[in-house]
2 protein chains.
Amino acid sequence: MIHLLLADDQVEYRKGLAELLAMEPDLTIVGQAENGQRAITLTGQHQPDVILMDVRMPLCNGVEATRIIHQRYPWIRILVLSTFDEDDYICQSLQFGALGYLLKSTPVPQLTDAIRVVSQGCSQLGPTIAPKVFSQLNPITETQRRAIENVLSEREREVIQLLGKGKNNKEIAQTLHLSQGTVRNHISRILSGLELRDRTQAALWAQKYL
Amino acid sequence: MIHLLLADDQVEYRKGLAELLAMEPDLTIVGQAENGQRAITLTGQHQPDVILMDVRMPLCNGVEATRIIHQRYPWIRILVLSTFDEDDYICQSLQFGALGYLLKSTPVPQLTDAIRVVSQGCSQLGPTIAPKVFSQLNPITETQRRAIENVLSEREREVIQLLGKGKNNKEIAQTLHLSQGTVRNHISRILSGLELRDRTQAALWAQKYL
DNA sequence: CTGCCGTCATGACATCTGTCACGATCTTTG
DNA sequence: CAAAGATCGTGACAGATGTCATGACGGCAG
């Protein structure tokens, strides 16, 4: 039996959804919250398995509530249900610990499936959501990996990593126990090897691909 | 009825999985591929709804096959089934169009559920996979957004965007039709406003949050 | 052994970068 | 109108950065 908590400020929508979900034999609704603050309180009281969380709510929005609840009760699964597929909401919710993100327009059978999936610890994202999220990932492509392995030496890789963290020559030299001159030589070779112009471009390259 | 294609080089595993999946009333297996090349060919011939794709395969690995198939048939849903949860595989697969990523250790009932979910266009990621993916996202937090809107002026925002692309002062000046001196003044104010030290840190900041 | 390569280092030079002081517009606000 | 702020510009200075030539040391393959 999966224990559910609903968090949504639109009363009719929430009650309607509650009725529909209660018809499923393996779902029980243990609480309903009309804002983020209440959601946090009720979560502590009822310890649900899954929370259906709206984003736009008074007092404390769904994103912030997600962050707090996930920090306090990391084992509770949060499924965000939003009217909007705004990029910021999506990314923040997921980074704050939400496991799923679906639009409110999702048909109920799909929604109940999603609840079951999420309750087992799997993530589920809606059809329009998934591409947005995945396109933001930055994997190392084979070309760039070869660039790192063939063009740069061991030392140079250490240097460019520090470069990617915004360190200047002095700091790099101290970290690696080198002279500043040596660091500058290394960077010089990195730049010509990767065909970049200056340390800023190298730093951006490092942040993107390392 | 969901049409399935299995791609895996381990014969016993693939045949076993095929038998188990064939027992589901709403699943049909329309083809089995022993490597990436065959997977691409068979996809063209049988036009499955969902492909279960292994990562490590001879001739053409699952990641590359995913890329090619998704480019050619964007409507076909690909669910990656891997023994490993290596970050690179995950990120690349998802960016190349895979909708799901599960470990082979996933129990069959969960797997069939995932197939149904993915066949409807939703994404599903395994419990160990999801956190890895979501932690790589870089949403703008409210703090940083306020930093941009309150601390930086319109012009300064234009400048820092170009900075984030690795431009030097000369290029920024030309792009915005300014003198180099003015650009340097703007950058100077950006650095103090965001409490950064030099253009490299500002560029990294821009790439992360803009 | 000898040459090659990576590593580390130095000095010198030109250029780029960041800061400061100062002044000029122009628009907005009281 | 007057004050305030954003914008643009200049000149000057110190420091950071990129490049080059040069040399030393150690390891490794032929």
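Convention: sequence-line order gives letters A, B, ...; per-chain numbering from 1.
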Report task. Rounded to the nearest angstrom, tell me the gap between atom CD in B:Glu158 and atom C1' in D:dA6. Result -> 13 Å
Query raised in the report: When all nucleic acid strands are considered with a 4.0 Å heavy-atom cut-off, which category describes B:Glu154: base, sugar-phosphate, or nothing?
Result: sugar-phosphate
Query raised in the report: In whole Å, what is the span from the CG atom of B:Leu178 to the C1' atom of C:dT25?
Result: 15 Å
Query raised in the report: Which one, D:dG18, C:dA9, C:dT19, comes nearest to the side chain of A:Arg184?
Result: D:dG18
Query raised in the report: B:Gln180 has an atom CD; how far is it from atom P of C:dT15, in whole Å?
Result: 13 Å
Requested in this report: Please work out if B:Asn185 contacts a base, only the sugar-phosphate, or nothing of the nucleic acid, heavy-atom cut-off 4.0 Å.
Outcome: base
Report summary line: From the candidates D:dG18, C:dT17, D:dT17, the one with an atom nearest any side-chain atom of A:Leu191 is D:dG18
**Report entry** Integer-rounded Å distance: D:dT17 C1' and A:Leu196 CG
**Finding:** 15 Å
Report task. Using side chain to side chain donor-acceptor pair (under 3.5 Å) as the criterion, point out the one residue from B:Gln180, B:Arg184, B:Arg199 that pairs with B:Asn169. Result -> B:Arg199
Query raised in the report: In whole Å, what is the span from the CG atom of B:Asn168 to the C1' atom of D:dA16?
Result: 15 Å
**Report entry** Position toward the 5' end of DNA chain D (nearest nucleotide), B:Glu156 or B:Asp198
**Finding:** B:Glu156
Query raised in the report: Quick one: which of C:dC8, D:dG18, C:dT17 gets closest to the side chain of B:Asn169?
Result: C:dT17
Query raised in the report: For A:His186 and C:dC8, is the shortest distance between a side-chain N/O and OP1 or OP2 below 4.0 Å?
Result: yes
Query raised in the report: Given atom CD1 of B:Ile187 and atom C1' of C:dC16, what is their separation to the nearest angstrom?
Result: 11 Å
Report summary line: The answer to which of A:Gly181 and A:Arg189 contacts DNA chain C further toward the 5' end, by nearest nucleotide, is A:Arg189
Query raised in the report: Which of these passes side chain to side chain contact (heavy atoms under 4.5 Å, CB included) with A:Ile78: A:Leu94, A:Ile69, A:Leu52?
Result: A:Ile69
Query raised in the report: Charged N to carboxylate O under 4.0 angstrom, B:Arg197 versus A:Glu171?
Result: yes
Query - Nucleotide of C:dT7, D:dT17, D:dC8 approaching A:Ser153 most closely (side-chain heavy atoms) - result: C:dT7
Report task. Figure out the CZ/C1' separation between A:Arg157 and C:dG6, and round it to whole Å. Result -> 12 Å
Report summary line: Which of C:dT10, D:dT10, D:dT17 is nearest the side chain of B:Ser179? It is D:dT10
Query raised in the report: Knowing that exactly one of A:Gln32, A:Arg56, A:Lys15, A:Lys104 qualifies, which makes a side chain to side chain donor-acceptor pair (under 3.5 Å) with A:Asp8?
Result: A:Lys104
Query raised in the report: Just wondering, do A:Val11 and A:Glu34 contact through their side chains at under 4.5 Å, heavy atoms?
Result: no
Report summary line: The nucleotide from C:dA9, D:dC8, D:dG18 with an atom nearest the side chain of B:Arg155 is D:dC8
Query raised in the report: Would you say A:Thr182 reaches C:dA9's phosphate, i.e. side-chain N/O to OP1/OP2 under 4.0 Å?
Result: yes
Report task. Whole angstrom is fine here: how far is it from CG in B:Leu162 over to P in C:dT17? Result -> 14 Å
